[in-house]
Amino acid sequence: MQIIILPDAQAIGEWAADHIARRLAAGRLQVLGVATGSSPLPAYDALARRIDGTGAEGSAEGGAPAVSREALETLTAFALDEYVGIEPDRPESYHAVIREEVTEKLGLDPSRVHVPEGAAEDLEAACRHYEQLIADAGGVDLQILGIGATGHLGFNEPSSSFSSRTRVKTLAPQTRRDNARFFSSEDEVPLHCVTQGLGTIMDAGELLLIAYGEHKAEAVARAVEGPLTSMCPASIIQWHHDAVVLLDEAAASKLEHLDYYRHVQEHDLLPDQD
Ligand code: GLP
(Lines give C-alpha, C1' and ligand atoms only; values in the text may rest on other atoms or scores of the structure.)
Protein backbone atom coordinates (compact mmCIF):
# COMPACT_ATOMS: atom_id res chain seq x y z
CA MET A 1 0.00 0.00 0.00
CA GLN A 2 1.31 3.42 -0.94
CA ILE A 3 0.20 6.34 1.20
CA ILE A 4 0.57 9.77 -0.34
CA ILE A 5 -0.09 12.94 1.62
CA LEU A 6 -0.88 16.05 -0.39
CA PRO A 7 -1.76 19.61 0.65
CA ASP A 8 -5.44 19.64 -0.26
CA ALA A 9 -8.31 18.18 -2.25
CA GLN A 10 -7.24 19.95 -5.40
CA ALA A 11 -3.70 18.54 -5.23
CA ILE A 12 -5.21 15.10 -4.67
CA GLY A 13 -7.39 15.56 -7.75
CA GLU A 14 -4.37 16.60 -9.82
CA TRP A 15 -2.33 13.63 -8.61
CA ALA A 16 -5.14 11.20 -9.43
CA ALA A 17 -5.71 12.78 -12.84
CA ASP A 18 -1.99 12.64 -13.67
CA HIS A 19 -1.94 9.01 -12.70
CA ILE A 20 -5.01 8.13 -14.76
CA ALA A 21 -3.73 10.18 -17.72
CA ARG A 22 -0.46 8.26 -17.69
CA ARG A 23 -2.27 4.94 -17.55
CA LEU A 24 -4.47 5.96 -20.48
CA ALA A 25 -1.53 7.20 -22.54
CA ALA A 26 0.33 3.95 -21.92
CA GLY A 27 -2.69 1.90 -23.04
CA ARG A 28 -2.93 0.35 -19.59
CA LEU A 29 -6.41 1.55 -18.78
CA GLN A 30 -9.39 0.22 -20.69
CA VAL A 31 -11.83 -0.24 -17.82
CA LEU A 32 -12.13 2.40 -15.10
CA GLY A 33 -14.00 1.84 -11.84
CA VAL A 34 -15.70 5.07 -10.80
CA ALA A 35 -17.09 6.14 -7.45
CA THR A 36 -19.74 8.64 -6.44
CA GLY A 37 -19.53 10.91 -3.40
CA SER A 38 -17.66 14.19 -3.19
CA SER A 39 -14.17 12.72 -2.77
CA PRO A 40 -13.43 11.84 -6.42
CA LEU A 41 -14.94 15.04 -7.88
CA PRO A 42 -11.66 17.04 -7.99
CA ALA A 43 -10.07 14.09 -9.82
CA TYR A 44 -12.83 14.02 -12.46
CA ASP A 45 -12.56 17.79 -12.87
CA ALA A 46 -8.77 17.68 -13.19
CA LEU A 47 -9.02 14.85 -15.69
CA ALA A 48 -11.53 16.82 -17.76
CA ARG A 49 -9.08 19.75 -17.86
CA ARG A 50 -6.43 17.48 -19.39
CA ILE A 51 -8.56 16.45 -22.35
CA ASP A 52 -6.55 17.16 -25.47
CA GLY A 53 -4.15 19.20 -23.43
CA THR A 54 -6.60 21.89 -22.41
CA GLY A 55 -5.41 23.36 -19.13
CA ALA A 56 -2.52 20.87 -18.89
CA GLU A 57 -0.36 23.61 -17.36
CA GLY A 58 -2.06 22.71 -14.07
CA SER A 59 -0.53 19.25 -14.13
CA ALA A 60 2.08 17.96 -11.72
CA GLU A 61 5.81 18.43 -11.98
CA GLY A 62 7.24 16.75 -15.04
CA GLY A 63 4.00 17.39 -16.93
CA ALA A 64 1.39 14.69 -17.22
CA PRO A 65 0.39 13.57 -20.67
CA ALA A 66 -2.80 15.13 -21.93
CA VAL A 67 -5.79 12.85 -22.26
CA SER A 68 -6.90 12.17 -25.80
CA ARG A 69 -10.61 12.21 -26.54
CA GLU A 70 -10.11 8.96 -28.38
CA ALA A 71 -8.83 7.18 -25.28
CA LEU A 72 -11.86 8.37 -23.34
CA GLU A 73 -14.36 7.47 -26.04
CA THR A 74 -13.29 3.84 -25.92
CA LEU A 75 -13.02 3.73 -22.12
CA THR A 76 -15.50 1.49 -20.31
CA ALA A 77 -16.58 2.50 -16.81
CA PHE A 78 -18.31 0.72 -13.96
CA ALA A 79 -19.79 2.50 -10.96
CA LEU A 80 -19.67 0.91 -7.55
CA ASP A 81 -23.21 1.24 -6.32
CA GLU A 82 -26.77 2.55 -6.57
CA TYR A 83 -29.74 3.03 -4.28
CA VAL A 84 -32.58 0.53 -4.49
CA GLY A 85 -35.86 1.93 -5.77
CA ILE A 86 -34.58 5.25 -7.12
CA GLU A 87 -35.26 5.56 -10.84
CA PRO A 88 -32.16 6.40 -12.92
CA ASP A 89 -33.60 9.75 -14.03
CA ARG A 90 -34.00 11.05 -10.46
CA PRO A 91 -31.22 13.52 -9.56
CA GLU A 92 -30.50 11.65 -6.30
CA SER A 93 -29.72 8.44 -8.18
CA TYR A 94 -26.11 7.47 -8.71
CA HIS A 95 -27.03 6.96 -12.37
CA ALA A 96 -27.65 10.73 -12.54
CA VAL A 97 -24.51 11.59 -10.55
CA ILE A 98 -22.29 9.41 -12.74
CA ARG A 99 -23.93 10.78 -15.90
CA GLU A 100 -23.27 14.35 -14.81
CA GLU A 101 -19.91 14.07 -13.06
CA VAL A 102 -18.25 11.39 -15.16
CA THR A 103 -19.90 10.55 -18.49
CA GLU A 104 -20.64 14.11 -19.55
CA LYS A 105 -17.56 15.77 -18.03
CA LEU A 106 -15.19 13.29 -19.61
CA GLY A 107 -17.10 12.77 -22.84
CA LEU A 108 -17.42 9.02 -22.32
CA ASP A 109 -19.66 6.92 -24.55
CA PRO A 110 -22.82 6.51 -22.39
CA SER A 111 -23.30 2.95 -23.66
CA ARG A 112 -19.95 2.06 -22.08
CA VAL A 113 -20.76 3.51 -18.66
CA HIS A 114 -22.46 1.07 -16.32
CA VAL A 115 -24.19 1.62 -12.99
CA PRO A 116 -25.88 -1.16 -10.98
CA GLU A 117 -29.62 -1.34 -11.65
CA GLY A 118 -31.12 -0.46 -8.28
CA ALA A 119 -34.57 0.01 -9.81
CA ALA A 120 -34.64 -3.45 -11.44
CA GLU A 121 -37.60 -5.67 -10.72
CA ASP A 122 -35.38 -8.69 -10.17
CA LEU A 123 -32.52 -7.27 -8.14
CA GLU A 124 -30.66 -10.54 -7.75
CA ALA A 125 -30.63 -11.09 -11.51
CA ALA A 126 -29.48 -7.50 -11.99
CA CYS A 127 -26.58 -8.09 -9.58
CA ARG A 128 -25.52 -11.25 -11.41
CA HIS A 129 -25.77 -9.40 -14.71
CA TYR A 130 -23.56 -6.59 -13.39
CA GLU A 131 -20.86 -9.05 -12.35
CA GLN A 132 -21.08 -10.61 -15.81
CA LEU A 133 -20.73 -7.23 -17.51
CA ILE A 134 -17.54 -6.53 -15.53
CA ALA A 135 -16.17 -9.96 -16.40
CA ASP A 136 -17.07 -9.54 -20.09
CA ALA A 137 -15.21 -6.21 -20.13
CA GLY A 138 -12.10 -8.03 -18.89
CA GLY A 139 -12.28 -6.72 -15.31
CA VAL A 140 -11.60 -3.29 -13.87
CA ASP A 141 -8.06 -1.99 -14.45
CA LEU A 142 -8.18 0.86 -11.94
CA GLN A 143 -10.82 1.44 -9.29
CA ILE A 144 -11.35 4.88 -7.77
CA LEU A 145 -12.67 4.70 -4.21
CA GLY A 146 -13.93 7.00 -1.51
CA ILE A 147 -14.44 5.90 2.08
CA GLY A 148 -17.54 6.34 4.21
CA ALA A 149 -17.54 7.30 7.88
CA THR A 150 -18.52 3.70 8.70
CA GLY A 151 -15.41 2.52 6.84
CA HIS A 152 -17.49 1.43 3.86
CA LEU A 153 -16.21 1.03 0.32
CA GLY A 154 -18.98 1.46 -2.23
CA PHE A 155 -21.89 0.64 0.06
CA ASN A 156 -20.22 -2.32 1.76
CA GLU A 157 -21.16 -1.56 5.33
CA PRO A 158 -19.50 -3.11 8.41
CA SER A 159 -19.89 -6.92 8.49
CA SER A 160 -19.68 -7.15 4.68
CA SER A 161 -17.91 -10.31 3.63
CA PHE A 162 -14.44 -9.78 2.24
CA SER A 163 -15.31 -12.10 -0.65
CA SER A 164 -18.72 -10.58 -1.41
CA ARG A 165 -19.88 -9.89 -4.97
CA THR A 166 -22.43 -7.38 -6.28
CA ARG A 167 -25.57 -7.70 -4.13
CA VAL A 168 -28.28 -5.92 -2.22
CA LYS A 169 -27.27 -4.42 1.13
CA THR A 170 -29.00 -2.46 3.88
CA LEU A 171 -27.51 0.96 4.52
CA ALA A 172 -26.16 1.73 7.98
CA PRO A 173 -28.06 4.50 9.85
CA GLN A 174 -24.87 6.58 9.86
CA THR A 175 -24.62 6.35 6.04
CA ARG A 176 -28.26 7.37 5.65
CA ARG A 177 -27.57 10.38 7.90
CA ASP A 178 -24.42 11.27 5.93
CA ASN A 179 -26.21 11.01 2.58
CA ALA A 180 -29.37 12.84 3.71
CA ARG A 181 -27.83 16.04 2.30
CA PHE A 182 -28.62 14.77 -1.20
CA PHE A 183 -32.31 14.18 -0.37
CA SER A 184 -35.06 16.41 0.98
CA SER A 185 -34.91 14.56 4.33
CA GLU A 186 -33.21 11.60 5.97
CA ASP A 187 -36.40 9.57 5.64
CA GLU A 188 -36.16 9.90 1.87
CA VAL A 189 -32.78 8.13 1.80
CA PRO A 190 -33.45 4.56 0.68
CA LEU A 191 -32.89 1.79 3.20
CA HIS A 192 -31.29 -0.46 0.62
CA CYS A 193 -28.70 -0.33 -2.09
CA VAL A 194 -26.98 -2.48 -4.67
CA THR A 195 -23.20 -2.45 -4.38
CA GLN A 196 -20.24 -4.20 -5.89
CA GLY A 197 -18.92 -6.57 -3.27
CA LEU A 198 -15.56 -6.28 -1.57
CA GLY A 199 -14.48 -9.32 -3.58
CA THR A 200 -15.51 -7.53 -6.77
CA ILE A 201 -13.55 -4.42 -5.77
CA MET A 202 -10.50 -6.49 -4.83
CA ASP A 203 -10.40 -7.99 -8.34
CA ALA A 204 -9.52 -4.58 -9.79
CA GLY A 205 -5.93 -4.33 -11.00
CA GLU A 206 -5.28 -1.23 -8.96
CA LEU A 207 -7.10 0.72 -6.23
CA LEU A 208 -6.96 4.48 -5.78
CA LEU A 209 -8.59 5.53 -2.52
CA ILE A 210 -9.22 9.25 -2.05
CA ALA A 211 -10.03 10.89 1.28
CA TYR A 212 -9.72 14.41 2.57
CA GLY A 213 -11.01 16.37 5.53
CA GLU A 214 -10.90 15.76 9.25
CA HIS A 215 -14.20 13.89 9.20
CA LYS A 216 -12.44 11.10 7.30
CA ALA A 217 -9.44 10.78 9.67
CA GLU A 218 -10.94 8.11 11.92
CA ALA A 219 -12.13 5.85 9.08
CA VAL A 220 -8.82 6.30 7.25
CA ALA A 221 -6.82 5.32 10.35
CA ARG A 222 -8.93 2.20 10.82
CA ALA A 223 -8.66 1.27 7.13
CA VAL A 224 -4.93 1.85 6.78
CA GLU A 225 -3.58 0.85 10.20
CA GLY A 226 -6.34 -1.04 11.93
CA PRO A 227 -6.82 -4.78 11.93
CA LEU A 228 -8.08 -6.43 8.77
CA THR A 229 -11.70 -6.76 9.76
CA SER A 230 -15.10 -6.72 8.09
CA MET A 231 -16.10 -4.28 10.84
CA CYS A 232 -14.06 -1.78 8.82
CA PRO A 233 -14.65 -2.98 5.25
CA ALA A 234 -12.08 -0.56 3.81
CA SER A 235 -9.34 -2.32 5.81
CA ILE A 236 -9.37 -4.90 2.99
CA ILE A 237 -7.25 -2.49 0.93
CA GLN A 238 -4.31 -3.67 3.07
CA TRP A 239 -4.68 -6.99 1.28
CA HIS A 240 -4.65 -5.54 -2.24
CA HIS A 241 -1.39 -5.90 -4.17
CA ASP A 242 -1.57 -2.41 -5.69
CA ALA A 243 -3.43 0.12 -3.57
CA VAL A 244 -2.67 3.84 -3.43
CA VAL A 245 -4.21 6.01 -0.71
CA LEU A 246 -4.34 9.75 -1.42
CA LEU A 247 -4.90 11.90 1.67
CA ASP A 248 -4.73 15.50 2.76
CA GLU A 249 -3.16 16.42 6.10
CA ALA A 250 -6.49 16.39 7.91
CA ALA A 251 -7.55 12.94 6.71
CA ALA A 252 -4.06 11.64 7.55
CA SER A 253 -4.00 13.24 11.00
CA LYS A 254 -4.93 10.12 12.99
CA LEU A 255 -2.35 7.84 11.38
CA GLU A 256 0.12 6.59 13.92
CA HIS A 257 2.95 6.05 11.43
CA LEU A 258 2.52 9.31 9.57
CA ASP A 259 6.22 10.21 9.83
CA TYR A 260 7.16 6.96 8.20
CA TYR A 261 4.72 7.47 5.30
CA ARG A 262 6.13 10.95 4.74
CA HIS A 263 9.65 9.54 4.82
CA VAL A 264 8.72 6.93 2.19
CA GLN A 265 7.02 9.55 0.05
CA GLU A 266 10.08 11.80 0.24
CA HIS A 267 12.51 9.05 -0.70
CA ASP A 268 10.42 7.32 -3.32
CA LEU A 269 12.81 5.35 -5.50
CA LEU A 270 10.15 4.69 -8.14
CA PRO A 271 7.99 7.80 -8.41
CA ASP A 272 4.61 7.42 -10.05
CA GLN A 273 5.10 6.45 -13.68
CA ASP A 274 3.36 4.52 -16.43
C1 GLP B 1 -21.28 7.11 -0.46
C2 GLP B 1 -20.79 6.21 -1.59
C3 GLP B 1 -19.35 5.80 -1.43
C4 GLP B 1 -18.52 7.00 -1.06
C5 GLP B 1 -18.98 7.55 0.26
C6 GLP B 1 -18.19 8.75 0.73
O7 GLP B 1 -21.97 6.48 0.53
N8 GLP B 1 -21.59 5.04 -1.75
O9 GLP B 1 -18.88 5.18 -2.62
O10 GLP B 1 -17.18 6.65 -0.99
O11 GLP B 1 -20.33 7.93 0.15
O12 GLP B 1 -18.70 9.92 0.16
P13 GLP B 1 -17.96 11.30 0.17
O14 GLP B 1 -16.82 11.14 -0.79
O15 GLP B 1 -18.96 12.30 -0.30
O16 GLP B 1 -17.49 11.55 1.54
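Both ligands and their constituent atoms are indexed starting at 1 by order of listing.
Polar contact with ligand 1: present for G154 (N/O pair, distance under 3.5 Å). When only interatomic distances are considered, the shortest N/O to N/O separation between D81 and ligand 1 falls below 3.5 Å. For the pair H215 and ligand 1, the shortest N or O to N or O distance does not fall below 3.5 Å. Of the polar atoms of S39, at least one N or O is found under 3.5 Å from an N or O of ligand 1, judged by distance alone.
Side-chain contact, E131 with T200: a donor N or O sits under 3.5 Å from an acceptor N or O.
Ranking the protein heavy atoms by distance from atom 12 (O) of ligand 1 puts G37 CA, 3.8 Å first. The nearest protein atom to atom 11 (O) of ligand 1, hydrogens excluded, is given as H152 NE2, 3.8 Å; this is a heavy-atom distance. Scanning all protein heavy atoms for the shortest distance to atom 7 (O) of ligand 1 gives F155 CE2, 3.0 Å.
Residue contact check for ligand 1: Q174 places no non-hydrogen atom closer than 4.0 Å to it.
With values rounded to the nearest 0.5 angstrom, E206 atom CD is found 8.5 Å from H240 atom NE2. The CG atom of L208 sits 10.5 Å away from the CD1 atom of I237 when rounded to the nearest 0.5 Å.
Here I147 has backbone heavy atoms under 4.0 Å from ligand 1, and that is the only part of it that gets that close.
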Could you go through the salt bridge (Lys or Arg N to Asp or Glu O under 4.0 Å) check for D122 and R128 one step at a time? CA-CA 10 Å; D122 185 343; R128 281 194 300 274; 5.1 Å; no
